[in-house]
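Computed from heavy atoms alone, side chains included, the values below leave out hydrogens, waters and symmetry copies.
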Amino acid sequence: QVQLVESGGGSVQAGGSLRLSCAFSSSPDDVVGWFRQAPGKEREGVAGITLTGRRIVYADSVKGRFTISRDNNKNTVTLQMNSLKPEDTGIYYCAARLLRTYIDDAAFLRTSTYYYWGQGTQVTVSS
């Protein structure tokens with residue numbers, strides 16, 4: 001059983017930055033992802049990272065602005081968000097897989113890939 005707790009959300013103006021953290025009760029032995037859900041919309045994948053950090057996948061909408069990183073010694077995954085836009089507003093969740101098996105890049109951003117989920121942290125970007 002892996003428990004995940006997100007932190008670092010808040011309210012910023014467009015162009016600003018936020019740094020989200022996901023802390024685990026024990027380090028997931030596989031891919032960890034960040035997702036977000038805006039009001040009235042489906043949850044969408046933002047970024048994912050493997051255990052070693054050698055494979056990282058970003059959604060096109062955040063490429064060049066967001067950076068995901070992982071510290072297995074501290075059991076944390078961080079999402080650095082720069083140049084924020086109003087459309088980045090939503091609840092941000094981190095998630096971890098149950099099984100360590102190979103997945104393709106597209107699977108990094110699918111909700112069905114993940115088994116464990118955090119409770120989420122709110123990010124609000126005003127124009």
Donor-acceptor list for residues 32-46 side chains, cut-off 3.5 Å, not counting sequence neighbours:
from: Arg36; atom 1: NE; to: Glu44; atom 2: OE2; distance (Å): 2.6
from: Arg36; atom 1: NH1; to: Asp88; atom 2: OD1; distance (Å): 2.8
from: Arg36; atom 1: NH1; to: Tyr92; atom 2: OH; distance (Å): 3.0
from: Arg36; atom 1: NH2; to: Glu44; atom 2: OE2; distance (Å): 3.2
from: Arg36; atom 1: NH2; to: Ser61; atom 2: OG; distance (Å): 3.4
from: Gln37; atom 1: OE1; to: Arg43; atom 2: NE; distance (Å): 3.3
from: Gln37; atom 1: OE1; to: Arg43; atom 2: NH2; distance (Å): 3.4
from: Gln37; atom 1: NE2; to: Lys41; atom 2: O; distance (Å): 3.1

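- One hydrophobic cluster, built from ILVMFWY side chains closer than 4.5 Å, holds both Val62 and Val12.
- Ile68 and Leu109 are not part of a single hydrophobic cluster, where members link through side-chain heavy atoms under 4.5 Å apart.
- Counting only heavy atoms from C-beta outward, the side chains of Arg97 and Ile103 approach each other to under 4.5 Å.
- Sorted by first and then second residue, the disulfide bond (SG atoms under 2.5 Å apart) pairs with a member in residues 70-127 read Cys22-Cys94; sequence neighbours excluded.
- Counting only heavy atoms from C-beta outward, the side chains of Thr67 and Tyr58 approach each other to under 4.5 Å.
- You'll find the side chain of Thr50 reaches within 4.5 Å of the side chain of Val31, heavy atoms only.
- Taking 4.5 Å as the limit, some side-chain heavy atom of Leu98 sits within range of a side-chain heavy atom of Tyr116.
- Both Leu18 and Leu79 are members of a single hydrophobic cluster when ILVMFWY side chains are connected at heavy-atom separations under 4.5 Å.
- Contact of the Val77 side chain with the Phe24 side chain is registered, since non-hydrogen atoms from C-beta on lie closer than 4.5 Å.
- Considering all non-hydrogen atoms of both residues, Ser83 and Ser17 come closest at N-OG, 4.3 Å.
- At least one side-chain heavy atom of Gln122 sits under 4.5 Å from a side-chain heavy atom of Thr89.
- Within the 4.5 Å cutoff, side-chain heavy atoms of Trp117 are placed close to those of Thr111.
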